[in-house]
Amino acid sequence: MKHIRNFCIIAHIDHGKSTLADRLLDFTGSVTEREKQDQLLDNMDLERERGITIKSHAIQMEYEYNGEQYILNLIDTPGHVDFSYEVSRSIAACEGALLVVDAAQSIQAQTISNLYLALENDLEIIPVLNKVDLPSANPEEVTDDIVDLLGCDAEEVIPASAKTGIGIEDILSAIIERIPAPKGNPDESLQALIFDSVYNPFRGVETYFRVINGEITKGQKIKFLATDKTYFADEVGTLKLSQEPKKVIKTGDVGYLITGIKDAREVKVGDTITDAANPTSNMIEGFENVKPMVFAGIYPVDTEDYEELRASMEKLQLNDASLVFAPESSAALGFGFRCGFLGMLHLEIIQERLEREFDMTVITTVPNVSYHAFTKKEPENTIIVNNPSDLPDPSKLDRVEEPYIKATIITKSDFVGSVMSLCIEKRGEITNQTYLTPERVELSFDMPLAEIVFDFYDRLKTVSKGYASFDYSPIGMRASKLVKVDILINGNSVDALSALIHADNAQTIGKKMCEKLRALIPRQQFDIPIQAAIGAKIISRETIKALRKDVTAKCYGGDISRKRKLLEKQKKGKKRMRQVGNVEIPQQAFMAVLKLND
Amino acid sequence: MLACLRKELFLRKTEFEKEKVETIYFGGGTPSVLNTDELDLLIDEVYRHYDVADAPEITLEANPDDLSRQKIEELAQSRVNRLSIGIQSFDDEDLKMMNRAHNAEEASFCIEYARKMGFDNISIDLIYGVPEMSTERWLKNINKALEYGVPHISSYALTVEPRTALEKLIEKGKVAPVNDELAQEHFNVLVEKLEEHGFIHYELSNFGKEGFFSRNNSAYWLGKKYIGIGPSAHSYDGRQRSWNIANNPKYIRALEKDEIPATFETLSAADRYNEYIMTGLRTIWGVSLRRVEEEFGRTCKEHLLKNSEKYLKEGLLSLNDQVLRTTQKGKFLSDGIASDLFLLNLRETGV
C-alpha cells in the first residue's frame, strides 16, 4: 500500500489536462508507440470532437523512483459544470491532485470550485504551471496567483509544458513524495467507492472503484449498499491501457469490476461496494442520487418512429444512468418523452448520440427546469412541474417556486460592470465580490437556474471577451412571479413552444420568440400569423408573409439534373419539419426560440 | 475547338444508332461567334454520322449585338431555320439595369430584318420583374413583341445572380430589390396578354403559336434522348445522364486523345420519377397518372395522388383525364409543389 499513489488532475477546459495525462503515460512507459493517440483518455468520438472529457476514466501507471517500484493511479475527472457530482466522487477516490493552471490564462472559476472540493476531501495539492513554453505565458504573475490561492510557497509550483515534456519528471517525483499513500485497513470488511462506470455492450457495465478498506477478490459475493443488490465479482482487474484481470485488488488500489450488470442504473456513482456475507456498516459519505436539472421533450420527427425512439432511449440509458425519461404527449408533436438532463451540454450530447448512434431524427422542445407549483386549494401540496403545460391554471394557482443556484464567476476587473449587468438582466442578485488579485475578481450571485440554462455561457463569454469563468451549485427553491407564455402559430396554440417566464420579462421575451420563429419558419403558400399569449391575452404578433414565387425560370437539358437534386434536398429538409395544423415547422425552431439573442 | 466538336459528334454516334435526329440546337454561351461556313461544317457532320429526320428544326441562339445586317443575311443562306434572340427588353433603361451589350434600337432592328430575310420561326427572350420596371412598362414590352409578330416567346423572371453588378447595387440600396409580388403580377399580365393573342403557354417560361413550340426544348421536358456536344454540354440516353467537363483546354486535350471527358450519372427509378414530376408540372402536358403507373407502379401513383390532394383542394393543381397540371395560380409555386410530390426512393411507397 505504501507504494500506491492515487491522484486526479484539476484543470480548466483547454488548460492541458488531457495532454498532461498523455505525457505522464508516455513518460512512465505505459503506452507503446503504436498505442499512442493524442488525448488517449478521451475515447468517445463526441468527447474528442468537443474536447471535453465527459465520462471519467482511470488508468494505472508503474514508475520506478529511487530504486522502488510505485503504482500511480490517475483518475480522470470530467471538465464541465454539468458533471460536478461525478467530479466530486472522483476526487473522493484520491489522496492528491495536480492543479493544472495555464500560464497565460491563470485560474478559472471551475478550477477553483474543483479545488475547493479537493481541499474539503483533504487532498494534497500539487500546483502545476502548464504551457510555460507559450510566448503569451506569464509565469511570474500566474505563480503569484497560485501562491495567493493555495497559501503555498512559490517553489512548490512546478513549471511545465505538457506539450514539450518540460517538468514531467518533476511532477512524477512530486506525486510520489508529496501525495500520501492510501491509509486503509486490509483486515476490515471490504469497503470500496464506485467513482465511475462504463457500459460495454459485450460485457455489461464495467464498474470503476477505489478500495478504501479490505480487498476485493475474483468470485467474491459482493453487495452495493445504496441499491442493496448482490452480485458475484466475475472479474476484477486493474486499468492499464487495456484491462488486466487480477485475482485480487488490494486496499488503497484502483480497479474495475465486472458482474454482468446490464443496466447502468444499477451502478450508482458514489455507492459503496462491500462483502455480501460480511458487509461493512459504514457507507462511504457523499453518495447522492443524481438529479436532473434540465428537462425537455424529445419527439421523433416522424410520429411512426415513437417505438424505435423508446428503444433507442432505453439503450442510451443502459450506458448513461443520468438520463431519465418518461413518456408524454403533446398536441403539436404527438407521442414522445419528457427527459431529464444534468445540464444543457448533457442534453446536446444525448440529442447527438440519438442521431449518430441510433440514426433517429428528433425534435427537442424548449428546455426548462423543474418547478414547484402550489394550488390555492392545497397550498402545502407540492406539484412538480417538469413541463410548462403541466402548470395548473392561473386562477387556481397559489404560487410557483423555481430552483435557484449560487453562481461563481471569476473575471477581469475591466469586465465586472458588464458581467454584473448580464447577471442582473438574468434576475441575479449579487451576494459577494472579492478581488483575488488586483486584476481578478470573484463575483457571487444568487440566480434562478432557468436563467443560466439557456444562453448564459455564450452571453458571458461575449460580454467578458472570453475572460470569465463560471461555476454554480444549487441552493434550493424560491418563490417567483412566473407566467406561462404560449405561442400560437396560424391560430393554433403549439404546446411544445410554451415556456414559463418571469412576469416582468414576458412581454419582451414573447416578442423575441415571435420574431425568432418568423425568421425560422419558411414562408408557405399563405400568410402565417405568429402570436405570443398569456392566457387569452395576446402580447405580441408577427406575420410570415405568403410565398409568392417558388419556381426557377429555366429548366433545359443542362439544368434538369442540378434542379432535381436541389428539390430533393428541399424534400429532405421538409421531412425534418413538423406539420402543426397546416404549417410546417422546422425541427430546430422548437429549441432555437430560446437562443433569442443570436 | 471546332475540330474537337466534330470529333465528339463522331465519337458519340454509337449512342444514337437507332434514333432519328429531329432537332439541332446551337446554344449556350455565344454560338453566334461561328460563321456560316463553320455552322454548315457542323451541320454536315451531323448528317454524315446520324440519321436526320426530314425538315429538322435547326436553331441558333444569338444576341442582338451579334446580329448585324450582314450576319442575318448570311444566316438566311444557311440551313439554320430558327433564331432564338436574347432581346430581354425593348427598353433602354431595363437593358442598362441588366447590364446588356445591346440597346433597344438594335433589339428592334434584328427582329424586323430577320423576318424580312425570311426567318418566320423566331423566338425572343423577355425578362420581367426587373427592379423599377412598372407593370405598364412591362406591358409595353409585350406589345412590342406582339407588334413584330414573333411566333415564340421565352420569358423569365429576373433572378439576381451572385457577384454581379446588379447584386452590388441592390446591396447598396441604389436599386430596389427584386420583388416577388411584382414578378407574379408581371407573370399574370404576360400569360393573359399572350393567350389573348393566340399563344399557347406550353411551358412555365415558354409561349408559342400553334406549330411554333420549340421542338428541341420540348424534348427535354418529354424525357426524350439528347446528345450535347462541347464543354459542359449535357446528354441523356433515357437512363443515364452525362455532362462534359466545363474547362475548355481540358476538353480539347481529352478529345485530342479520342476521349469524351464526361461525368456519368445513372438515374434510379425514383430519380426518373422525380424528373418527370418536376418537368411535367411545368408543361401543358402535365403528369400523366397512367404513365406514372405504367413506369413506376401502382403504389407510386397512389403516393402521387395522396400528396397531390392538398394542392388540388387549394386550387394549385388540377386533375383532368388522369393528368395532373399546375393551375395558373400554382405555376409560380411549382418547385415547392414538385418537391412535395417527390420520392426519395421508391421503397417509400413499397414498390
Side-chain angles (χ1 to χ4, degrees), chain A residues 300-305 308 359-361 489-492 518-528 543-587, chain B residues 25 27-28 127 129 154-159 178-185 187 203-205 214 216-217 219-221 226 228 232-236 241 243 265 267 270-271 274-275 277-279 281-282 310-311 314 316 326 329-344:
Chain A
V301 167
D302 189 340
T303 45
E304 286 167 18
D305 293 340
E308 208 184 323
D359 202 18
M360 294 292 313
T361 325
I489 294 180
N490 209 15
N492 301 313
R518 191 193 58 194
L520 284 169
I521 298 175
R523 295 204 291 163
Q524 285 162 44
Q525 285 139 7
F526 40 87
D527 281 1
I528 306 167
T543 306
I544 301 172
K545 299 296 279 174
L547 184 63
R548 304 306 286 264
K549 177 172 173 283
D550 181 15
V551 65
T552 42
K554 297 188 182 184
C555 184
Y556 301 114
D559 306 313
I560 293 175
S561 201
R562 186 165 29 88
K563 193 172 148 81
R564 184 195 79 232
K565 284 172 193 158
L566 192 77
L567 295 185
E568 281 171 352
K569 214 170 130 195
Q570 278 179 21
K571 167 94 183 179
K572 281 187 194 140
K574 283 185 204 163
K575 281 191 77 126
R576 293 174 76 97
M577 290 198 211
R578 211 15 137 43
Q579 185 109 12
V580 175
N582 53 350
V583 180
E584 277 167 341
I585 303 177
Q587 186 195 14
Chain B
Y25 195 98
I127 307 280
S154 300
S155 189
Y156 311 110
L158 178 79
T159 45
V178 174
N179 176 335
D180 287 350
E181 258 169 76
L182 182 75
Q184 193 186 30
E185 192 183 324
F187 179 67
E203 196 259 355
L204 192 108
S205 304
S214 165
N216 185 78
N217 293 345
Y220 299 135
W221 306 319
Y226 52 88
S232 119
H234 286 232
S235 301
Y236 180 56
R241 200 183 295 288
W243 49 94
E265 170 187 71
L267 300 186
D271 292 340
N274 291 348
E275 288 191 358
I277 298 291
M278 183 178 85
T279 52
L281 290 184
R282 294 171 65 99
K310 83 173 206 210
Y311 294 112
E314 289 167 17
L316 301 176
T326 40
K329 196 173 144 203
K331 283 205 168 77
F332 237 48
L333 299 169
S334 62
D335 280 3
I337 300 173
S339 83
D340 259 1
L341 303 181
F342 268 20
L343 279 169
L344 294 179

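Note that this is a predicted model, so its numbers are computed, not measured. Below, chains carry the letters A, B, ... as their sequence lines are ordered, and counting in each starts from 1.
Expressed to the nearest 0.5 Å, how far OG1 of A:T552 lies from NZ of A:K563 amounts to 2.5 Å.
B:S235 does not touch chain A: none of its heavy atoms, backbone or side chain, sits under 4.5 Å away. Heavy atoms of B:L316 lying under 4.5 Å from chain A belong exclusively to its side chain. Of the two parts of A:R523, only the side chain, counted from C-beta on, holds a non-hydrogen atom closer than 4.5 Å to a non-hydrogen atom of chain B. Looking at B:Y25, neither its backbone nor its side chain comes within 4.5 Å of chain A, counting heavy atoms on both sides. B:L267 touches chain A through its side chain: at least one heavy atom from C-beta onward sits under 4.5 Å away, while N, CA, C and O do not. Residue contact with chain A, scored on non-hydrogen atoms closer than 4.5 Å, involves the backbone and the side chain of B:L333 alike. Using a 4.5 Å cut-off between heavy atoms, B:S154 contacts chain A through its side chain alone, with no backbone atom that close. At a 4.5 Å heavy-atom cutoff, the contact between B:A157 and chain A is made by backbone and side-chain atoms alike. Looking at B:N216, there are no atoms closer than 4.5 Å to chain A (heavy atoms on both sides), in backbone or side chain. For chain B, no part of A:K545 is nearby; none of its heavy atoms comes within less than 4.5 Å.
A donor atom on one side chain and an acceptor atom on the other are found under 3.5 Å apart for A:E568 and B:N274.
In this structure, the side chain of B:Y226 engages the main chain of A:G557 through a donor-acceptor pair within 3.5 Å. In this structure, the side chain of B:T326 engages the main chain of B:L281 through a donor-acceptor pair within 3.5 Å. Between the A:Q524 side chain and the A:P522 main chain, a donor and an acceptor come within less than 3.5 Å of each other.
Listed by chain and residue number, nothing satisfies the salt bridge (charged side-chain N to carboxylate O under 4.0 Å, His left out) test with A:D302 (two or more places apart in sequence, or in another chain). Listed by chain and residue number, A:R564, A:K565 satisfy the salt bridge (charged side-chain N to carboxylate O under 4.0 Å, His left out) test with B:E265 (two or more places apart in sequence, or in another chain).
Closest approach of A:N490 and A:D527 over heavy atoms only: OD1-O, 4.1 Å.
When the candidates B:E275, B:E314, B:K310, B:K331 are compared by the number of heavy-atom contacts under 4.5 Å with chain A, B:E275 comes out ahead. Here B:W221 is the residue among B:W221, B:Y236, B:W243 with the most heavy-atom pairs under 4.5 Å with chain A.
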